[in-house]
Amino acid sequence: MRIATWNVNSITARLPRLLAWLEATGTDVVCIQETKTTAEQFPADELRELGYESAVHATGRWNGVALVSRVGLEDVVKGLPGDPGYDGVQEPRAISATCGPVRLWSVYVPNGREVGHAHYAYKLQWFEALKAAVAGDAGGSRPFAVLGDYNVAPTDDDVWDPALFVDSTHVTPAERAALADLRGAGLTDIVPRPLKYDHPFTYWDYRQLGFPKNRGMRIDLVYGNEPFAEAVTDSYVDREERKGKGASDHAPVVVDLDV
DNA sequence: ATGTCACCAGTTTGGTGA
């Protein structure tokens, strides 16, 4: 079974790539973030023609998450229980479902904007709610994973130049502690192989030739429980999808499972 | 080369977020 997570930065803009990529890779389930559409505008028909069902939690211009599966899509839960909300709004940043033998979440963790910003406090609160929401499944016997854009680089090795990121969001001790808390609930960071260079970066800024210079970060993560981690046979970052015109600024992370 | 992209409002550019 092949699953993946991909921040597509607009499902509308990325649809041709997504369809071609699904066919080329034979991915069974893809966790999508930043759909940037309403649920009504989500291209479920095009995906259905390829044999995929879709579960979508999206409200328009910003955020939006989805699960796209050709191996079943049951018990869909939209939203994060206990979501703290930002400015009084609970944003569409989490969706979960059972896809065949595995239970999966697709999450888009708040960016945080700047340390000290209200959005940064929201980010940390959001992580607290996420941990509470997944703790039961994380400790369970069914393969379970939380995949998505975590907007945190777990270690200094996960940013291209740690010196440039001092005191920036994505690397602060509080954000990394939030990840450690999640792992403490029973989840393991499934670190993918890079297909080129030494670091499995998953995101490269569009600006200033970030990708050609490999100025990347590993912020798209797969956190799996023990039964999930034991089933993993391979994982890699598909950097080919970051190349060329019409690419997202994130590459897909692919995980192969023997389940 | 202060080397981007995408969305929306509401028009052909600016604001916003990442």
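So you know, we letter chains A, B, ... as the sequences are listed, proteins then strands, and number each from 1.
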Mind calculating the distance between CD1 (A/I11) and C1' (B/dA6) to the nearest angstrom?
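After rounding, the reported distance stands at 14 Å.
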
Can you tell me how far P of B/dC5 sits from CH2 of A/W204, to the nearest Å?
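Going from A/W204 (CH2) to B/dC5 (P), I get 16 Å.
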
Just jot down the side chain to side chain donor-acceptor pair (under 3.5 Å) partners of [X], sequence neighbours excluded, or say none.
X	result
A/D256	A/R2
A/T35	none
A/S168	none
A/K131	none

Throw together a table of side-chain donor-acceptor distances under 3.5 angstrom for residues 8-22 of chain A, partners on residues two or more places apart or in other chains.
{"from": "A/N9", "atom 1": "OD1", "to": "A/K36", "atom 2": "NZ", "distance (Å)": "2.7"}
{"from": "A/N9", "atom 1": "ND2", "to": "A/Y206", "atom 2": "OH", "distance (Å)": "3.1"}
{"from": "A/S10", "atom 1": "OG", "to": "A/T12", "atom 2": "N", "distance (Å)": "3.4"}
{"from": "A/S10", "atom 1": "OG", "to": "A/A13", "atom 2": "N", "distance (Å)": "3.0"}
{"from": "A/R14", "atom 1": "NE", "to": "A/V8", "atom 2": "O", "distance (Å)": "2.7"}
{"from": "A/R14", "atom 1": "NH1", "to": "A/G246", "atom 2": "O", "distance (Å)": "3.0"}
{"from": "A/R14", "atom 1": "NH2", "to": "A/V8", "atom 2": "O", "distance (Å)": "3.3"}
{"from": "A/R14", "atom 1": "NH2", "to": "A/N9", "atom 2": "O", "distance (Å)": "2.8"}
{"from": "A/R17", "atom 1": "NE", "to": "A/G246", "atom 2": "O", "distance (Å)": "2.7"}
{"from": "A/R17", "atom 1": "NH1", "to": "A/E241", "atom 2": "O", "distance (Å)": "3.1"}
{"from": "A/R17", "atom 1": "NH1", "to": "A/E241", "atom 2": "OE1", "distance (Å)": "2.9"}
{"from": "A/R17", "atom 1": "NH1", "to": "A/K243", "atom 2": "O", "distance (Å)": "3.4"}
{"from": "A/R17", "atom 1": "NH2", "to": "A/K243", "atom 2": "O", "distance (Å)": "2.4"}
{"from": "A/R17", "atom 1": "NH2", "to": "A/K245", "atom 2": "O", "distance (Å)": "3.1"}
{"from": "A/W21", "atom 1": "NE1", "to": "A/D238", "atom 2": "OD2", "distance (Å)": "2.8"}

Taking ILVMFWY side chains as joined if any heavy atoms are under 4.5 angstrom apart, and letting links pass through other members, which residues group with A/V166?
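Joined to A/V166, directly or through intermediates: none.
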
Test item: side-chain donor near acceptor, A/T169 and A/R113, under 3.5 Å
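Not at all, the side chains of A/T169 and A/R113 share no donor-acceptor pair under 3.5 Å.
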
In whole angstrom, give me the gap between the [atom1] atoms of [N] and [M].
N	M	atom1	value
B/dG3	B/dC7	C1'	22 Å
B/dC8	B/dT12	C1'	14 Å
B/dG14	B/dG10	P	16 Å

Set out, line by line, the N/O atom pairs under 3.5 Å between protein and nucleotides 16-18 of chain B.
{"from": "B/dA18", "atom 1": "OP2", "to": "A/R113", "atom 2": "NE", "distance (Å)": "2.7"}
{"from": "B/dA18", "atom 1": "N6", "to": "A/R207", "atom 2": "NH1", "distance (Å)": "3.2"}

Could you give all pairs that pass the side-chain hydrogen bond (donor to acceptor under 3.5 Å, both in side chains) test and reach residues 171-195 of chain A, with sequence neighbours left out?
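Qualifying pairs, neighbours excluded: A/Y120-A/T172, A/K123-A/E175, A/D156-A/R176, A/T172-A/E175, A/R183-A/Y223, A/D189-A/R218, A/R193-A/D234.
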
Could you check which residues of residues 240-248 of chain A get a heavy atom under 4.0 Å from DNA chain B? Sort them by number, please.
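Result for residues 240-248 of chain A: none.
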
